[in-house]
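Throughout, a chain's letter reflects where its sequence line sits, starting with A, and its residues are numbered from 1.
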Amino acid sequence: NAGVTQTPKFQVLKTGQSMTLQCAQDMNHEYMSWYRQDPGMGLRLIHYSVGAGITDQGEVPNGYNVSRSTTEDFPLRLLSAAPSQTSVYFCASSRNSGRGGSYEQYFGPGTRLTVT
Amino acid sequence: KNQVEQSPQSLIILEGKNCTLQCNYTVSPFSNLRWYKQDTGRGPVSLTIMTFSENTKSNGRYTATLDADTKQSSLHITASQLSDSASYICVVTPGAGGTSYGKLTFGQGTILTVHP
């Protein structure tokens, strides 16, 4: 299994440009999430999905869109990039099982995005 | 607001020494508490997951403890190695199971540096 894969690894955008960060998992996991990680802060949830066709907002959803048309893929779209979206983005996936919600969560390698 | 606070922010130790990292949380009720290791430039990797009814969990040289009464957890690393240099992140899941997905609260992490 490749696990959770993310592309691209690095990206530079100009303010106002749009782009899609790709995330795929081959573990047949129901749950998938997008996080951003900024210096000195914990990971913050952007959007998440509990299954194909189902998405919901996390803590910091503004400026981002997601869709989940298949179990495997969960792309994150930046509609109009802003410097405040400069960050490292992580995708994660997990099963919807585990005693007490203790499902194992697997993270991708991250995409480092710079918006100028 | 649910919070997870980690201390110290950073720590430097010599190879072979032990260390303990702290996590205090205000999330209540909570379902489980996780510790992740994040190497520079990589995604977080799970070390331990403890449900609210567990008070210790080991993974090799890593031992996590949990005191649900005081809302404190610690991660003890024994006989540190250079490869232990990383950020260690405490994560708390609120509520009671699957419906809590998407509400994980991340600490800001403790950066551990192990010197030879």
Side-chain angles (χ1 to χ4, degrees), chain A residues 2-7 9-10 21 23 25 29-51 54-61 66 68 74 88-112, chain B residues 1-6 8-10 23-25 27 29-54 57 59 64 66 68 86-111:
Chain A
V4 180
T5 58
Q6 293 183 236
T7 56
K9 289 185 69 72
F10 301 93
L21 308 186
C23 174
Q25 51 91 10
H29 285 169
E30 296 88 349
Y31 293 171
M32 296 186 75
S33 305
W34 276 103
Y35 296 89
R36 60 177 289 172
Q37 186 174 39
D38 301 297
M41 302 183 71
L43 276 81
R44 292 182 292 169
L45 182 65
I46 303 171
H47 286 284
Y48 66 100
S49 169
V50 297
I54 306 170
T55 63
D56 205 348
Q57 296 181 349
E59 181 184 357
V60 288
V66 292
R68 183 99 179 268
F74 191 43
V88 182
Y89 292 85
F90 290 100
C91 179
S93 76
S94 67
R95 295 196 184 282
N96 67 346
S97 59
R99 186 169 63 92
S102 57
Y103 40 81
E104 187 68 64
Q105 192 169 36
Y106 297 87
F107 284 83
T111 294
R112 185 174 297 273
Chain B
K1 181 181 177 180
N2 289 330
Q3 288 198 331
V4 176
E5 299 289 338
Q6 294 186 240
Q9 276 193 313
S10 62
C23 174
N24 294 342
Y25 61 93
V27 180
F30 89 101
S31 174
N32 59 75
L33 186 145
R34 308 152 183 261
W35 283 94
Y36 286 93
K37 178 188 180 189
Q38 185 176 21
D39 293 316
T40 301
R42 295 180 176 266
V45 174
S46 179
L47 292 175
T48 64
I49 303 174
M50 292 180 290
T51 65
F52 62 89
S53 60
E54 297 176 295
K57 184 73 69 81
N59 179 359
L66 173 64
S87 177
Y88 292 83
I89 304 170
C90 175
V91 185
V92 179
T93 305
T99 56
S100 63
Y101 189 81
K103 299 180 176 65
L104 278 66
T105 303
F106 288 75
Q108 81 279 19
T110 291
I111 299 173

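Atom CZ of A:Arg44 sits in a crowded spot, with more than 12 heavy atoms from other residues, nucleotides or ligands closer than 6.0 Å.
A:Phe90 has its side chain within reach of B:Gln38: a pair of non-hydrogen atoms, C-beta onward, lies under 4.5 Å apart. The shortest distance between side-chain heavy atoms of B:Leu104 and A:Gln105 falls below 4.5 Å.
Of the two parts of A:Gln6, neither the backbone nor the side chain holds a non-hydrogen atom closer than 4.5 Å to a non-hydrogen atom of chain B.
The minimum heavy-atom distance between A:Glu104 and B:Ser46, with the atom names listed, is OE2-CB, 2.6 Å.
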